[in-house]
There are 2 protein chains.
Amino acid sequence: MTDQGTRRPTRQRAALADELAGAAEFRSAQDIHASLTASGTRVGLATVYRNLQAMATDGEVDVIRTGDGESVYRACATAQHHHHVVCRVCGHTVEVTGDAVERWADAVAAEHGFSEVRHTLEIDGLCADCAAR
Amino acid sequence: MTDQGTRRPTRQRAALADELAGAAEFRSAQDIHASLTASGTRVGLATVYRNLQAMATDGEVDVIRTGDGESVYRACATAQHHHHVVCRVCGHTVEVTGDAVERWADAVAAEHGFSEVRHTLEIDGLCADCAAR
DNA sequence: TCAATAATGAGAACCGTTGTCAAACGGAGG
DNA sequence: CCTCCGTTTGACAACGGTTCTCATTATTGA
Ligand SMILES: [Zn+2]
Ligand SMILES: [Zn+2]
Ligand SMILES: [Zn+2]
Ligand SMILES: [Zn+2]
């Protein structure tokens, strides 16, 4: 279950984990790096990138690609497969699951002869607060 | 009805449309540019990029972002909303639709107070041919 | 045909990300 | 506690896809 191998705990990694734990939205590596720097925590940008992708492959954080091609990261509540509904304005994010969708994706792919099926699904809209504004 | 505004017809745009019409898989701008160049059709790379995104906003082609962050384009059979099942090995692509998924996405977002909901969904796997190989 | 305007192309610029490599660090053994 | 060695870090260069610039060329409508 998410074996993180021989990775050593470092001050930088801890700071990064903290930063992620306190954020409800998806954030870019550069954004996170800027926050750490602003709060006085000196961490190299390359280190932020490296650790984020290590955490991503270990399933500790979720990654999604924004429309303009940058990767954004988030420490989700659950490690299990799920999807996100993200507010286009403020970034507010909620995690959702649905067996129906999972089955549909597998079924429709199988109907066309595909195997080892995977999928990506992201939902976005205007959250209640932003719509009210 | 996808108004393409005041766009003027050009030799380059026509060549690009031809190239896309003859392809069943999603292809990158650079790939398309290389093909055009190889076949003796001189077109600037910037022009390929510009026209592809113009065609994309006009709904003439579909765009998806690959895992390594490049945009790939395809002239799909239908202009209506649909999704794709793409073979991870050969790129073979089939278009699929499913009301159930569309409704689920809207419903789950609405449950959390979101409005003006949109979604992206891509499915990938191994096509029958590649699995048999 | 002629001016007005849109499209093109070559190359530079951009920007998120990854590679480089010497210095700093953490951990197991002594 | 000290040393040794593989891991991690960080400053900076390099990379790759995409976008910008702007002078030149093509299209349109009169
Ligand atoms: Zn919002
Ligand atoms: Zn799913
Ligand atoms: Zn295949
Ligand atoms: Zn859909």
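What you see is a predicted model; the values in this text were computed from it and never measured. Convention: sequence-line order gives letters A, B, ...; per-chain numbering from 1.
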Check: Is Glu95(A) close to Arg74(A) at the side-chain level, that is, under 4.5 Å between some pair of heavy atoms?
Finding: yes

Notebook entry, point to check: Regarding His83(B) and His119(A), is there a side-chain donor-to-acceptor distance under 3.5 Å anywhere?
Noted result: no

Note to self: Working to the nearest 0.5 angstrom, can you tell me the gap between Ser39(B) OG and Asp18(B) CG?
What the structure shows: 9.5 Å

Item checked: Whichever hydrophobic residues join Val96(B) through chains of side-chain contacts under 4.5 Å -> Val85(A), Val94(A), Val96(A), Val101(A), Trp104(A), Val108(A), Phe114(A), Val117(A), Leu121(A), Ile123(A), Val85(B), Val94(B), Val101(B), Trp104(B), Val108(B), Phe114(B), Val117(B), Leu121(B), Ile123(B)

Next item on the list: Just grab all the ring pair (Phe, Tyr, Trp, His ring centres under 6.0 Å) pairs involving residues 12-40 of chain B, residues at least two apart or on different chains.
Entry: Phe26(B)-His84(B)

Item checked: Where chain A begins and ends its contact with DNA chain C, read 5' to 3' at 4.0 Å from heavy atoms -> dG16(C) to dG27(C)

Check: Between atom CD of Glu60(A) and atom CG of Asn51(A), what is the distance when rounded to the nearest 0.5 Å?
Finding: 9.5 Å

Check: Measuring from Ile64(B):CD1 to Glu70(B):CD, what's the distance to the nearest 0.5 Å?
Finding: 11.0 Å

Check: Under 4.5 Å between any side-chain heavy atoms of Ser71(A) and Ser28(A), yes or no?
Finding: no

Check: Does Thr78(A) reach the main-chain N or O of Cys76(A) with its side chain, forming a donor-acceptor pair under 3.5 Å?
Finding: no

Check: Is any side-chain heavy atom of Leu45(B) less than 4.5 Å from a side-chain heavy atom of Gln30(B)?
Finding: yes

Note to self: Taking any atom closer than 4.0 angstrom to a non-hydrogen atom of chain A, what span of DNA chain D does the protein reach, first nucleotide to last?
What the structure shows: dG6(D) to dA11(D)

Note to self: Let's see if you get this right: which residues in residues 18-30 of chain B place a heavy atom under 4.0 Å from DNA chain D?
What the structure shows: Gln30(B)

Next item on the list: Please tell me which of Arg8(A) and Thr10(B) maps to the more 5' nucleotide of DNA chain D, matching each residue to the nucleotide holding its nearest heavy atom.
Entry: Arg8(A)

Notebook entry, point to check: For residues Ser35(A) and Arg27(A), is any side-chain donor paired with an opposing acceptor at under 3.5 Å?
Noted result: yes

Note to self: According to side chain to side chain donor-acceptor pair (under 3.5 Å), who are the partners of Arg65(B), at least two apart in sequence or on a separate chain?
What the structure shows: none

Next item on the list: Describe, as an angle rounded to 10 degrees, how the axis at the first end of the helix from dT1(C)-dA30(D) to dG30(C)-dC1(D) is tilted relative to the axis at the last end, five pairs per end.
Entry: 30°

Check: Can you list the other members of the hydrophobic cluster that holds Met55(B), where links are side-chain heavy atoms under 4.5 angstrom apart?
Finding: Leu16(B), Leu20(B), Ile32(B), Leu36(B), Val43(B), Val48(B), Leu52(B), Val61(B), Val63(B), Tyr73(B)

Check: Which residues within residues 65-72 of chain B lie with some heavy atom under 4.0 Å of an atom in DNA chain C?
Finding: none

Check: Can you check whether Asp62(B) reaches His82(B) side chain to side chain, under 4.5 Å on heavy atoms?
Finding: yes

Notebook entry, point to check: At what distance, to the nearest 0.5 angstrom, does OG1 of Thr41(A) lie from CD of Glu19(A)?
Noted result: 8.0 Å

Notebook entry, point to check: Quick one: hydrophobic cluster around Leu126(A), which other residues, with the 4.5 Å side-chain cut-off, linked directly or via members?
Noted result: Val89(A)

Checklist line | side chain to side chain donor-acceptor pair (under 3.5 Å): pairs with one or both residues in residues 124-133 of chain A, sequence neighbours excluded | finding: Arg88(A)-Asp124(A), Asp124(A)-Arg118(B)

Note to self: Below 4.0 angstrom, which residues in residues 45-55 of chain A have at least one non-hydrogen atom near DNA chain D?
What the structure shows: Ala46(A), Thr47(A), Arg50(A), Asn51(A)

